[in-house]
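Contents: one structure, followed by commentary.
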Amino acid sequence: MTFSQPLHTLQSQLCSVARKSPSLAKKLHAQIIKAGLNGHEPFSNTLLDAYGKCGLIQDALQLFDALPQRDSVAWASLLTACNLTNLPQPALSISRSLLRTGFHPDHFVFASLVKACANLGPLHVKQGKQVHARFLLSPFSDDDVVKSSLVDMYAKFGLPHYGRAVFDSISSLNSISWTAMISGYARSGRTFEACQLFRETPYRNLFAWTALISGLVQSGNGVDAFHLFVEMRREGVSIVDPLVLSSVVGACANLAVLELGKQIHGLVITLGYESCLFISNSLIDVYAKCSDLVAAKYIFCKMCRKDVVSWTSIIVGTAQHGQAEMALALYDDMVLAGVKPNEVTFVGLMYACSHAGLVSKGRALFRSMVEDYGIKPSLQHYTCLLDLFSRSGHLDEAENLIRTMPFNPDEPTWAALLSACKHHGNTKMAVRIADHLLKIKPEDPSSYILLSNIYAGAGLWEKVSKVRKVMMVMEVKKEPGYSCVDLGKESHVFYAGETSHPMKDEIIGLMRKLDAEMRKRGYVPDTSSVLHDMDQQEKERQLFMHSERLAVAYGLLKAVPQTIIRVVKNLRVCGDCHTVLKLISTIANREIHVRDAKRYHHFKDGNCSCNDFW
DNA sequence: TTAGGGTTAG
């Protein structure tokens, strides 16, 4: 490259090559300054655009600040730069100053501005609506591109009905507007409307399929998402990019169905996407969530490029399965590899610390998150810290934190602290917290059971009867518990108390044998979690028929010998089942993995990876 | 110069 080329060559270089090469963009900038063309409108705007497109956001911001005049092209280029690098904070301050200066945006600026608001997320609904209002009052209020971006913005805010109003006003709908609207319905759980719109669209392409399937996965409807994926395959839609696959892999993780995850993994390999970063990240997660950590680590180790999500996924996976030291060692490796942790990484790390009772390490990590990485702690981080203090018996510190943290503690948070008081035998604090919890009227039946147990433990019988009355008045009923056992080629769901299974005699027979052996070893049923008033024998019968026990017994009868019995449960494991599963792991000499509503339990040789705290 | 689908926690 020479520095004495004609101006039009310079301009065209900026437009093409510089967008892909940061170093070339900088060289051309230097050339512009040398030629005295600094501040010349066409050059500065094109350079701004080039900096933005090759990811040099700081340079773009500096250049913009130095501009003597800022026209629509400059504002649009800067906002596009922020949007491309997904930097919501600079975009936020840019859009604020843009609106403050009284500048009249054109349709290009509006489209970028709306996209910036969408990237900022649902916490910035107000700002998004302000931009929408300004657009409606502008001379560009008929522009369909801006309307499409508004549909997308409301989709990302979780307000699809607002998006629908804009969608209906679009004069010429295209593939982009349809996709944005389908995604809006799907991701906010409006499955019916999403599917209806999908059936109506003339653009039934991979974008629309991905929007629908991914949206359903995001809103927790993995089963429907899977059926649609099967339909998509049957229609012969060519999977020319792997985006839909990462969602489908994610659905396997949420549903914790290992066999299905393996099949999708096979498909990923067949289609040639196994080395794609996003896909590998999802695969780490699916194997970790299906409690096959060996496979998760294998995927992780084989990746040639690892980003923060890859590291975080493996750290969270190992932490959730009770391998705290391993999770912390992985974090050290991550820092050494020069990858910057994010807010999710710290959730995983603090979770690891709380499992291993590493109080000072957890505190230090919380501090490091704020001071070294500038991450503002969220409610989840405070919950992790609280869990760390509670589990390790630092109850005063836990109570102090819950009362001083900058978030309103919700019912599960108080219930967690209460449960810790019970675990550590601090009756005085337990009663104080129970009184508070009773005042805020919990909705979860298990909170009432906990309250009742606390008062009973403290001999406060009047309060016990008060709790029972509240439960009766509110008709507090437990959600039916079910457990799914994964046997590789098949899986089976058992409901608590279910006796309709064709193999019920064998299942109950095995459970009786195990029960007799457990009682020989000193097992006494703990009926404190049984909700209803009934005699001891009936309570014990209820516990005996808890879904995880049926599932594990069936697993012992049907699974390949020596293999791990894998169970997924919708509710939390009760104290008695936890004791029973530990005993069964010794008696049957079998490893049992249970994923409950809160965490993972690996039962082996009479112990559990959660260290009896959950 | 502007608009659509993807991964980690909860």
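Note on naming: letters A, B, ... go to the chains in the order of the sequence lines (proteins, then strands), and numbering restarts at 1 for each one.
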Base, sugar-phosphate alone, or nothing: which one does [X] contact when heavy atoms must sit under 4.0 Å apart?
{"X": "A:S313", "value": "sugar-phosphate"}
{"X": "A:K289", "value": "sugar-phosphate"}
{"X": "A:V316", "value": "sugar-phosphate"}
{"X": "A:D106", "value": "nothing"}
{"X": "A:T179", "value": "base"}
{"X": "A:D241", "value": "base"}

Has [X] got a side-chain atom pairing as donor or acceptor with [Y]'s backbone, closer than 3.5 angstrom?
{"X": "A:H132", "Y": "A:L150", "value": "no"}
{"X": "A:S214", "Y": "A:A211", "value": "no"}
{"X": "A:K376", "Y": "A:V370", "value": "no"}

Measure from [atom1] on [X] to [atom2] on [N] and round the result to the nearest Å.
{"X": "A:M369", "N": "B:dA9", "atom1": "CE", "atom2": "P", "value": "17 Å"}
{"X": "A:W209", "N": "B:dG6", "atom1": "CH2", "atom2": "C1'", "value": "17 Å"}
{"X": "A:F278", "N": "B:dT7", "atom1": "CZ", "atom2": "C1'", "value": "6 Å"}
{"X": "A:Y203", "N": "B:dG5", "atom1": "OH", "atom2": "C1'", "value": "16 Å"}
{"X": "A:D410", "N": "B:dG10", "atom1": "CG", "atom2": "P", "value": "14 Å"}
{"X": "A:M334", "N": "B:dT8", "atom1": "CE", "atom2": "C1'", "value": "10 Å"}
{"X": "A:E274", "N": "B:dG6", "atom1": "CD", "atom2": "C1'", "value": "17 Å"}
{"X": "A:D143", "N": "B:dA3", "atom1": "CG", "atom2": "C1'", "value": "9 Å"}

Counting only side-chain heavy atoms from C-beta out, which of [options] sits nearest to [X]?
{"X": "A:V347", "options": "B:dT7, B:dA9, B:dT2", "value": "B:dA9"}
{"X": "A:V309", "options": "B:dG5, B:dT8, B:dA3", "value": "B:dT8"}
{"X": "A:Q380", "options": "B:dG10, B:dT8, B:dA3", "value": "B:dG10"}
{"X": "A:D285", "options": "B:dT8, B:dA3, B:dG5", "value": "B:dT8"}
{"X": "A:A211", "options": "B:dG6, B:dG5, B:dA9", "value": "B:dG5"}
{"X": "A:F108", "options": "B:dG10, B:dT1, B:dG6", "value": "B:dT1"}
{"X": "A:E343", "options": "B:dG5, B:dA3, B:dA9", "value": "B:dA9"}
{"X": "A:L206", "options": "B:dT8, B:dG5, B:dA3", "value": "B:dG5"}
{"X": "A:A76", "options": "B:dT1, B:dT8, B:dG6", "value": "B:dT1"}

| Looking at A:F300, is A:K306 sitting on its ring face, NZ or CZ under 6.0 Å from the six-membered ring centre and within 45 degrees of the normal? |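 Flagged: A:K306 positioned over aromatic ring of A:F300.
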| task | Give the ring-plane orientation class for A:W75 versus A:F103, where under 30° counts as parallel, over 60° as perpendicular and anything between as tilted. | result | tilted
| Mind checking whether A:F140 and A:H107 have parallel, tilted or perpendicular rings, split at 30° and 60°? |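 Answer is parallel, since the angle falls under 30°.
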| query | Is it true that the side chains of A:D387 and A:S390 contain a donor and an acceptor less than 3.5 Å apart? | reply | no
| task | With the side chain counted from C-beta on, respond yes when A:L293 and A:Q323 share a heavy-atom pair under 4.5 Å apart, and no when they do not. | result | yes
| remark: Within residues 156-173 of chain A, those residues having any heavy atom closer than 4.0 Å to DNA chain B are A:K156
| query | Any side-chain N or O of A:Q218 less than 4.0 Å from the OP1 or OP2 oxygen of B:dG6? | reply | yes
| task | State which residue, out of A:I170, A:D143, A:L173, A:T179, fulfils the side chain to side chain contact (heavy atoms under 4.5 Å, CB included) condition with A:S148. | result | A:I170
| task | Ignoring hydrogens and angles, answer whether the base of B:dA3 and the side-chain atoms of A:N174 contain a donor-acceptor pair closer than 3.5 Å. | result | yes
